[in-house]
Chemist: 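Take a look at the following structure, please.
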Amino acid sequence: MEITRRRLLSVLSAAGLLTVIPSRPPSAAEIAAGSARLLANTVAVFAGTAESNARPETAAKLAAIDKAARTNLTLMDAAGAGELFAGLLLGTDEVNLNIAFRRLYEIALATRTPGGATSDLYENTAVQHRVIDGLVWLHERYYGDQSRGYYGNWFHWEIGFSQHISKTLALLSDEVQAYRPDLVRTYVTSMDAYLRNGTDGDVNLDSRFHTGANLADITTNRILQGALLGDDVRIRKALTDQLTVFVTIDPYHLNHGVTDGHYADGSFIQHASVAYTGSYGKGLLARVVQTLKILDGTGFARGEELVPTVRGWVKNGFAPLIFEGWMMEIVKGRAVSRTDTGYTDVAVVVEAVVDLSSLATGADVTALESYVKHIRSTSRTALDPAGFVSPVSIVRYADIIGDATVPPADLNPASRSVAFNAMDRTVHRRPGYAFALARSSERISKYEYMNGENLMPWFQGDGAYYLYLSGQDQTQAYGVDYFTTVSPYGLAGVTAPVERRQTIPELYGKPYYDNPGHPLNFTSSSESQNTYVYFPRSTNRHSGGAVLGAYGAAGMVQSDDVAYRDKGAGLLPDDFVAYRNARATKSWFFLDEEIVVLAAGVGDRTGRAVTTTVDARIAAPDDQVSVTGMLRDGRPWPGPGIGDLHWLRYANATQRTAVGYVFLDTPPVSVALDRVTRSRRAVRTANPDIAVTRTVLGVTVEQAPGAEPARLAYVLVPKAGEARLRSYRDGPLKVLTNSPRLQAVTHTGLGLTAVNSFTPGRHEAAGMGIRIDGPASVIVRRERRGLTTVAVSDPTMHRDTVSVLLRGRPLREVTSDDGVRVRAAHGGTRLEFDTHHAYGRSFTVTLRGWA
């Protein structure tokens with residue numbers, strides 16, 4: 001059952017939540033026993049147990065732990081005067097200080113990891129003393145002086161350092177108590193003092209820094225600190241704060257103004273407006289599952305009460321976004337520019353699911369274990385469990401994979417359409433492919449740039465889409481090399497003005513815009529930096545769509561971002577650079593074998609040239625790639641260039657993939673197949689300067705400067721053959737209307753009509769059989785059994801009621817969602833949907849003709 005954040009925060013002392021946090025204060029003996037158990041659990045999570053580490057599956061992990069520790073000890077041995085580790089300069093670079101704390105943790109971990117062959121590090125008191133002495137040295141010189149600390153990125157001071165310090169102290173708790181009993185209190189005092197976005201050294205739920213994944217990290221650190229101090233009050237307070245991340249966000253009743261977290265439709269948002277399941281979302285998932293493990297049996301909380309909520313995140317938030325072991329691009333934010341995303345992202349989720357299955361009960365255990373096997377069986381790249389955090393998790397994973405009684409099974413049905421309207425994302429899945437769409441609005445950011453990551457992100461939320469084909473290694477189709485070699489103005493699905501934009505470092509000579517003297521106080525981590533530089537929102541309200549069973553529709557009105565709007569209003573400094581966007585009204589209709597794309601009003605009000613990209617695909621330079629097609633007059637397509645195309649087929653014989661494109665009503669199309677070489681550093685300053693070469697397909701529609709607004713209607717047909725593409729000339733799929741006011745298609749074979757209306761007033765077109773009042777997304781399916789099913793969503797998020805008239809004989813209600821009213825009306829059947837505070841949710845009603 002979902003609990004709103006407001007309800008949770010208002011009844012923290014009520015009986016319902018005391019099932020998670022016991023109301024009776026524990027005795028001193030219970031606190032001591034619980035703290036000891038919590039610390040022992042922590043050691044088991046990170047270092048493993050004698051039983052787990054005796055298994056051969058953990059050998060690579062144990063070797064990696066041992067190697068890291070020995071490398072770090074060698075650096076300590078070679079340290080010069082004023083150094084803790086050779087060559088690591090401290091005092092001005094918070095990243096280096098974080099490295100120092102991490103290295104001490106890695107050494108401490110090796111001393112608590114049993115079964116590391118004949119490692120002489122295990123329970124080596126002398127080595128542990130070196131770690132403890134290192135902590136003392138760092139505190140005395142670079143951490144304990146509050147007036148000198150807190151430079152650079154706030155994250156390190158409030159979260160990163162504390163993670164390494166708290167875990168190190170937990171691993172060595174007994175030896176610290178014997179050797180330097182004052183050290184825990186000394187460090188906890190300093191960690192509290194560095195929690196500067198908190199209140200009096202504790203979490204502040206009103207702070208924009210203490211939300212979502214960040215809040216989970218901070219509170220887990222404080223739970224460990226409480227156990228080290230035997231401080232039950234600290235543990236209970238941290239648990240109470242962490243409970244807020246388990247609560248479904250109610251956007252109409254925000255607590256502390258927080259929009260970060262999980263939503264009812266499966267969306268996950270971090271940084272107030274960034275669709276972030278694949279980065280911060282997986283981090284939150286990993287952290288809360290780890291916390292449930294370290295709390296197990298301590299008496300401080302009954303974590304089993306929270307397991308169903310986390311299972312819901314996996315099923316409805318993560319599983320739709322994972323295709324054959326790959327995390328989709330649309331929910332990674334700036335992480336799309338990193339070199340290790342995709343399959344590596346999913347490995348983090350898999351470890352969390354493995355551990356969650358050990359905490360679950362009943363049918364949930366089988367479902368979660370089956371999902372782990374499903375990912376293993378469908379992933380094109382073998383998951384390496386040596387990358388897991390916990391040796392215990394490695395063993396559990398091996399046991400699941402080796403259990404013949406556990407069948408591989410997805411948590412999704414094979415055919416599913418998911419509208420993540422709370423984060424402006426849509427996913428459409430069928431056997432053989434998955435389609436992922438990134439939208440944006442006044443609620444959701446167009447993109448995320450930060451810290452020199454994702455340097456050219458400008459159009460990633462303007463209808464950019466990704467078509468994942470079954471059986472392909474997705475690193476050869478997407479990932480960092482896609483963004484490296486495909487033009488940022490030519491991402492699949494994007495309509496962009498023809499111009500050259502500059503990256504933030506090019507514009508300002510640093511990774512952010514610096515102007516602290518301006519009234520908006522632009523500093524590296526200021527709210528203004530977030531609003532206008534790091535992740536600006538769009539200015540359009542219309543972005544959303546409906547879902548009817550396994551079918552879907554989505555629509556968006558493309559707009560400028562808030563930076564361009566506010567620069568025009570004179571709110572931003574003169575030297576701040578903002579870019580104007582092109583204009584388009586777009587719809588995407590998700591069927592069985594097709595994704596239909598309509599665009600109208602495509603152009604630029606200032607007369608710039610505009611390019612709309614139908615698709616952009618990459619291939620290794622040695623792959624056998626071919627492109628064939630037919631012109632609208634029936635002649636064969638002659639090859640790259642501009643032509644009046646009826647259809648086009650791109651095939652990669654090496655990868656055994658193909659995509660077809662059918663142009664229903666589209667101006668002449670330009671097709672290019674280019675060899676592109678570019679450094680991965682072009683998209684992220686921290687990437688290695690490695691040149692990547694790819695064969696890049698670009699299918700685009702070009703509009704000359706000053707051209708009249710255009711309209712486009714085309715179909716993506718995954719894995720289509722040429723015969724199939726020829727059949728669309730007189731096939732069941734038809735465009736009923738395509739304008740900035742109304743866009744609609746019908747598929748007679750499915751008995752389905754899908755419509756997006758964008759403006760106030762009544763909307764109707766020939767062949768629709770539907771009249772819609774105002775902006776809405778509507779899908780109608782008339783089945784042979786005499787049933788008619790209708791789904792409606794409000795893509796503006798602001799309408800109280802949406803009205804639809806079904807033309808024809810009156811129909812009676814069979815079943816409906818709450819908030820749907822059906823009545824006979826002149827000319828047909830009138831349906832009214834109460835969309836007030838529905839936040840884009842689809843309402844469904846099934847109707848039948850009167851007997």
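Note that this is a predicted model, so its numbers are computed, not measured.
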Chemist: Find out whether the Lys NZ or Arg CZ of K332 is both under 6.0 angstrom from the six-membered ring centre of Y276 and within 45° of the ring's axis.
Modeler: no
Chemist: Taking only Lys NZ, Arg NE, NH1 and NH2, and the carboxylate oxygens of Asp or Glu, determine whether D399 and R55 approach each other closer than 4.0 Å.
Modeler: yes
Chemist: Quick one: which of V353, I322, D364 gives a side chain to side chain contact (heavy atoms under 4.5 Å, CB included) with V314?
Modeler: V353
Chemist: Does the Q242 side chain pair with the main chain of L239, one donor and one acceptor, at a distance under 3.5 Å?
Modeler: no
Chemist: Is there a donor-acceptor contact under 3.5 Å linking the side chains of H256 and D206?
Modeler: yes
Chemist: Nearest heavy-atom pair of A108 and L171: which atoms, and what distance?
Modeler: C-CD1, 4.1 Å
Chemist: Please name the pair of heavy atoms, one in S173 and one in L228, separated by the smallest distance, quoted to 0.1 Å.
Modeler: CB-CD2, 3.8 Å
Chemist: With the threshold set at 4.0 Å, does a side-chain nitrogen-carboxylate oxygen contact exist between E351 and K282?
Modeler: no
Chemist: Quick one: which of Y151, Y194, Y150 gives a ring-ring contact (aromatic ring centres under 6.0 Å, His included) with Y143?
Modeler: Y194
Chemist: Can I get a per-line list of side-chain donor-acceptor pairs under 3.5 Å for residues 131-138, giving both atom names and the distance, sequence neighbours left out?
Modeler:
residue: D133; atom: OD1; partner: Y179; partner atom: OH; Å: 2.8
residue: D133; atom: OD2; partner: Y179; partner atom: OH; Å: 3.2

Chemist: Under 30°, 30 to 60°, or over 60°: which ring-plane class applies to H139 and Y187, parallel, tilted or perpendicular?
Modeler: perpendicular
Chemist: Pairing donors with acceptors under 3.5 angstrom, does anything connect the side chains of N153 and H156?
Modeler: no
Chemist: With a distance cut-off below 6.0 Å to the six-membered ring centre and an angular limit of 45° from the axis, does R443 pair with Y839 as a cation-pi contact?
Modeler: yes
Chemist: What is the minimum heavy-atom distance between E158 and I218, and which atoms define it?
Modeler: O-CG1, 4.0 Å
Chemist: List the residues meeting side chain to side chain donor-acceptor pair (under 3.5 Å) with Q225, not counting sequence neighbours, and say none if there are none.
Modeler: S166, R234
Chemist: Q529 side chain to Y534 main-chain N or O, any donor-acceptor pair under 3.5 Å?
Modeler: no
Chemist: Does D241 use its side chain to pair, donor to acceptor, with the backbone of T219 at less than 3.5 Å?
Modeler: no
Chemist: Is there a donor in the side chain of Q163 and an acceptor in the side chain of N221, or the other way round, less than 3.5 Å apart?
Modeler: no
Chemist: Which residue pairs pass the salt bridge (Lys or Arg N to Asp or Glu O under 4.0 Å) test when at least one of the two sits in residues 215-230, sequence neighbours left out?
Modeler: D192-R222, D202-R222, D217-R287
Chemist: How far does OG1 of T220 sit from CD1 of I159, to the nearest 0.5 angstrom?
Modeler: 10.5 Å
Chemist: Could you tell me which non-hydrogen atom of S273 sits nearest to which non-hydrogen atom of S445, and how far apart they are?
Modeler: OG-OG, 2.6 Å
Chemist: Test E30 against R37 for salt bridge (charged side-chain N to carboxylate O under 4.0 Å, His left out), laying out the working first.
Modeler: CA-CA 10 Å; E30 288 171 330; R37 175 66 182 269; over 6 Å; no
Chemist: So, does S357 use its side chain to make a donor-acceptor pair with the main chain of V354 at under 3.5 Å?
Modeler: yes
Chemist: Specify the closest pair of heavy atoms between P114 and R112, including all atoms of both residues, with the distance to one decimal.
Modeler: CD-O, 3.1 Å
Chemist: Look at E369 together with K373 and state whether they make a salt bridge at an N to O cut-off of under 4.0 Å.
Modeler: no
Chemist: Grab the two heavy atoms, one from V247 and one from L243, that are nearest each other, plus how far apart they are.
Modeler: CG2-O, 3.6 Å
Chemist: What is the distance from atom NE2 of H164 to atom CZ of R103, rounded to the nearest 0.5 Å?
Modeler: 11.5 Å
Chemist: Looking only at side-chain N and O atoms, does N197 offer a donor or acceptor that is under 3.5 Å from a partner on S207?
Modeler: no
Chemist: Between K61 and D384, is there a salt bridge with N-O shorter than 4.0 Å?
Modeler: no
